[in-house]
Every structure is written in structure tokens, then in C-alpha cells.
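Right, one structure below, let's go through it.
A quick note: this is a predicted structure, and the numbers were derived from the prediction, not measured. All heavy atoms count here, side chains included; hydrogens, waters and symmetry mates do not.
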Amino acid sequence: MQVLLHVLLHIYSTGQKFGNITIFNVFERSLFCSSSLHLFDQKYRKNKETSFKNIKNSNVSKLLTCTVYIFDFVLKISEEEPEIVPLLTPQEQLELRAQKLTEKKLHMASLSSAVLADPHIKKLKELRAMLMETDPCVAVTVRKLVMVSLLEVFKDIVPSYRIRPLTEEEKAAKVKKETLQLREFEEGLVSQYKFYLEDLEQTVKDWKQKKQKRSQAVSLQSYKGLAEVAIRCICDLLVALPHFNFHNNIVVMVVPLMRDSVKKVSEMCCGAVSKLLKQDKLGQASLAVVKVISGMVKGRNYNVKPEVLNCLLCLRIKEVEMRKDTEDTAPKKKFMSFKEKRTNLSRMQRKWKKAEEKLQKELLEAEASESKDKKIKLHTETLNIVFLIYFRILKKAQKSILLPSVLEGLARFAHLINLEFFDDLLSVLYGLITSGDLTYRESLHCILTSFHILSGQGDVLNIDPLKFYNHLYKTLLTLHAGGRNEDTAIVLQCLDVMLTKRRKQVTLQRAQGFLKRLSTLSLHLLPDSSVGILAANRALMHTFPKCDILLDNEMQGSGVYLPELDVPEYCNPQNTALWELHLLKRHYHPMVRKFAAHLMKGAPSEGSGALSMELSRRYRGSLQLFEDYSVKDMSFNPPVAGPPSKKKEHFTIGDAFLDSELKTLINAALQNESELTIFESLSCALT
């Protein structure tokens, strides 16, 4: 060590420089680590600092490098050793953690209460700083609680308007003290809200990228729970504050998480987006969400979950709702009555007041009209993007799992599609049906979409959808008869749109053919599906009264009923009868029995064969009855009565015989048999 110090003294005395680093700067901290080196510094620091310009000897550089490591080691040894903390038992560790957590909770509660009582940026900033909790003992729990606390605080103190940045002219202008304080508060609020969103986003990114940042306070295993709380907070802000700043940024954060591999995260985000679309009256938030979804679907090459497109079904794009919402959102001004004017105002004041109120009414009408036009414009743009998503998938990804969602969406918004697309769209839908690549549920969606199109603006088109009728008639008997009977709801919707609402375009033979096939179908379905099918038959018999000929045994005209034929008009349905109703009348479910007996009597609206008053009030269509008597929870509604209990007859040998001689012979035979058995067992034992 003394040799090394002498070498160092020589290098230091000549003022040499290693590269761009002065020797004095390199070793300044180390020289003060001991008293001897401190004396050395006092002796040689008088000379001015010089540089070592040319180091030709590589041994000197090696020596300097070694010297740096040695002095770092000496410095670490010379530092004071930390105090040894006594080890705690597990019980003491739990008690210490509970104590720390209680202190943190009380501190959070006091800060939150202070902010809510008197919104102050300093307290809000202090509360947000707790998101950086570094104590490993309570870091995860504290950060979760702070996230939720800040969420509730922001939801309470955020104003009901968007805060825009001030211009240079507004900043330079002189304002009142109250206005200046309000500006400072708004600026600080937006800043803290932005930092809060950045913290939430960074937490989610750290979990996704499996990175451990900020400190060793939170382990990688704990980041999942922390990220789930952060995502929940982001989703709540998406729904609660659609009018405030950075809402588009929140949409950009939430929408990609809708296709997340973690089911809980995906369901959380899809639920938040659906709720936002349902409550959005003006359409700005809906437009932002649809734009991001469109970009994500195209960017991922249509590799997204169907739930993402199912959220688009929650869009509020209906003309009736538009008018209602415009009236709700239009500002309402209360004007003075004539009596109040006469009492409180002079003649000249009344004159001016009348002119002022007239002007205000005109302004309100203009504002309401402008708001309505703006809303319709936003909805039009939103719907264009939605149809763009649907048409892209129909054109480029017909075998995608998104096809059922696309068909359901087209059926939902078919009345808003432009007429010029109807012919091409119907051709595409029929091509999908006949291709054979679709499942049964997807083909039902195609049929439903086609008839929604034709039932809206498509009434003006001269199109006969006979091929869709034939396809549904042909595939009715393939309806699932087991527990997965969700397709029954789509079938009931198709029947309502195809037969009941288009009664003027449907022939009697077609209606009779569907009535007979539906009666046959109801024999092998679950009770809720059977009730829905029989209710659809009731609607058919009311819509087409001449269908009651199927309740008679007499044949109408020539020909024989051909059930295997796939065209309802040519299967001679008028020459058969609804014999299925006699079987359904003995069904185990009471509601099926009621509807079967009701149909056998011609489905009367009143009289002895009519439905009960309670059931008539509840009856709102076949789909409603199907949902009311659903068996999804594996229970009958109403409960099905069990078989009657029967007493078991006990027969005893001997007492049941009336002939005494026969009884004596049987007893003797049984006794001889028992003696013979005993003898055989004894002989076996002896041998």
C-alpha cells in the first residue's frame, strides 16, 4: 500500500491527466478517506492543477485503473457499517405491516378528505406522490388504494366541461384575483390528471412487458394485480368522464385491451366500452371509439375477438332516440309569466322584456337545430366507419370468427344502410349461405340480416326473397335439440320478420307449410323452445286465419303431403293435419300442454279455449315467452310435478296362498331342501 501511495504521489505531484480526467478529480474523494492522505493533499494542493497530455506508457494507464478500483475498495471499507436490525418473528412482521398499512390508509383518507372539502393542488399532488411507495412491505396494497382513491377524487372534483389551454393574449390580460385562482386550479388539475393517467398507463405497460421499474418494492408477480386495478380505474374514467380532457387518450388505452388474452381484462374493457356507447347521447365518444376499433381490426388483420365487434351493437343510432336526446340536451329557459311582469315591471320594462324573450327563444331554437344537425352528422360518420368494418370483413375475411358478429351488426343497422348497397349485399349474403362454409347460427344471421334489409327501406325494391324462405324451411329441422338452444331465439326473430311482418307478401301455402314444419319441430326441442315455437304458431294462425284447415282431417284438393320436400309452397300442406298437437297435449311441461290445447281449439282470443288472463298479459311475442321459460339454469319454470307416489306391495310366501294343502306341500319341500343343504355342507367339511 505504501508503494502504491508513493506512485500516486509522484503522478499527482506532476499534475498528470488520464485521458480527459484529472488525477485530482479522480482521487479527490478517496484522498480524504484517511488522515495521512489528507496531509498529502494539504502538501501538494498548493501547486496548480496541470494535465497529463501524453501517456505513452501503457503500464501507467493500467496502474491508474488499478488504483481507482483499490481506492473504491478502501472507501467502501472506511464507510460506517449499517446498524444491524434484529430479526422479527412472522407474527411481529405481520403486526408491523398492519401498523404501517393503517398509517398509510389514515394519511390517504386525510388527504382525500382535504381535497374534496377544499380542492387544492398541493394536497392532490401529495396524494398522487404516494403512487411511488417504495416500502416493499406495503407497496402493492398502498399503490392499489391510492389508484382507487385518486379515481374517486377526480370523479368528484372534475368540472362538467373541457378545460382548454389559455392563449398568449389571455395569459397577458389582467383578470380578477378569483379568475386567476380558478385558472391556476384548472391548470394544476389538468396537469395532475395527466400525470395520474400516465402512471396508470405505465403500470399496465410494465405488466405487459414484464419489466420491473421504479424500485424493487413491487415484484413481477405482484404487477398483474396492480395492473388489473389500474385497468379498472382507466375503464371507470372512460365511462364517468367522457367530456373531460384526455378522453381520446383513454380510448386509445382501453380499446387494444379488449382483445387481451387475459379474460378478466378483456371482459372489463369490453363492458366499459359497451356502457360508454349505450350512454353516449351526443356521439363524440362513440365516434372516437369506433375509429380506434376500425384501426385495430385492420391493423391486426381481423385477428380480434368477436366481443370487440359485439360492442358496436350498443351504438345509439336511431332517429327516435336522436330527437328525444336533442330535447333532453337542449337548454331550457324559464320565462316570466304575464302576471309576474305586470306586478314587477313597468310598461317600458315589459316591452323590453318581451323583445328580449323573443330573441332568446329564437336563439334557443337555432341552438337546438344546430345541436341536432351536429349529432346527425356525428352519427352518420360513425355508421359509415361501422359499415366499413363490416364490409371489409365480408369481402376479405369471410371465414373469420368475426362473421357472426358482422351479420348480427348488419341486421341491427340494416334500416340505415343506403339503398344502393342492398342488391349487392343480398347477393353476398345468399352466396355465403349457399357456400356451405357457414355454421347453422351464421346462416340464420344471414337470413335475419336479409329480411331486416327488406323490411326497412327495402320495401320499395321489387325483390322476392324466395330462396331465403326455402333455405330456412329446409334447415328448420336441424335446430339443436339439446342444452345449447340459443339458436331458437334467432329462428323466432326470423319467423316474425319473414311471416308476420311481411304478411302481404306471403302466400297461404307458404304459411301452412311453415306451420306444419314448426309443429313437427316442437316435438324434439326443450320445453322453452317448444313454448316459443307454439307461440309462433299461434301468431301464424292469427295472421292467416285460413290455416285452421290443418285442424281438420278432410283433404283440400288433390295431392299428398310431402314432408321431405324443401319448398313449402309445393309440399301440399293443406292435405295434412297438425297431429303433433295431440302428442304435445300430454307433454311433461305444463306450459307446452296449455299452448297445445289452445291451438287444438283454433287459438281463440276469448272463450273456453283462450289463454288465461295472466298469460295473455305476459304474452308479448314468441321470443319473450322463450326467454321467460328459459331452462339455462337447468330448472323448469314453472316446476314440473313429479310422478305420484305408489305404495309398494309386499308379498310374503305362505300367507298369500289360499289352499291349505298347497301351503303344506310348499313348507315340506322347503324344509327338505334346507336339510339337504346342511348335509352337503357337513360332508364337504369332513372330506
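- Annotation: the span from Q284 atom CD to N248 atom CG amounts to 9.0 Å, rounded to 0.5 Å.
- A centroid separation of less than 6.0 Å is found between the aromatic rings of F244 and Y193.
- By the neighbour-count criterion of 12 heavy atoms within 6.0 Å, atom NE2 of H120 is sparsely surrounded, having that number or fewer from other residues, nucleotides or ligands.
- No donor-acceptor contact under 3.5 angstrom links the side chains of E201 and Y196, judged on distance only.
- Of the possible polar contacts, none joining the R517 side chain to the L477 backbone as a donor-acceptor pair under 3.5 Å is found.
- In this structure a side-chain-to-backbone donor-acceptor pair under 3.5 Å is missing from S266 to V262.
- A salt bridge links K291 and E381; the closest N-O separation between the charged side-chain nitrogens and carboxylate oxygens is under 4.0 Å.
- Within a 6.0 Å sphere centred on CZ of R510, other residues, nucleotides and ligands contribute more than 12 heavy atoms.
- The existence of a salt bridge linking D280 and R316 is excluded, since no basic side-chain nitrogen approaches an acidic carboxylate oxygen closer than 4.0 Å.
- No more than 12 heavy-atom neighbours from other residues, nucleotides or ligands sit within 6.0 angstrom of NZ on K194.
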Start with the C-alpha distance between L150 and L131, add both sets of side-chain angles, then the distance that settles side-chain contact (heavy atoms from CB on, under 4.5 Å), and finish with yes or no.
CA-CA 10 Å; L150 284 171; L131 282 173; 4.0 Å; yes

Going through the checks in order, is the salt bridge (charged side-chain N to carboxylate O under 4.0 Å, His left out) test met by R441 and E408?
CA-CA 10 Å; R441 186 181 183 88; E408 191 173 354; 5.6 Å; no

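- Rounding to the nearest 0.5 Å places CG of L402 at 10.0 Å from CD of E307.
- Of the charged side-chain nitrogens involved, none lies within less than 4.0 Å of a carboxylate oxygen, so that K144 and E228 do not count as a salt-bridged pair.
- Taking the ring centre of Y302 as origin, the terminal cationic atom of K396 falls outside the region bounded by 6.0 Å and 45° from the ring axis.
- Proximity of a side-chain donor or acceptor of Y469 to a complementary backbone N or O of M498 within less than 3.5 Å is detected.
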Trace of the salt bridge (charged side-chain N to carboxylate O under 4.0 Å, His left out) decision for D260 with K305:
CA-CA 9 Å; D260 196 83; K305 293 184 177 181; over 6 Å; no

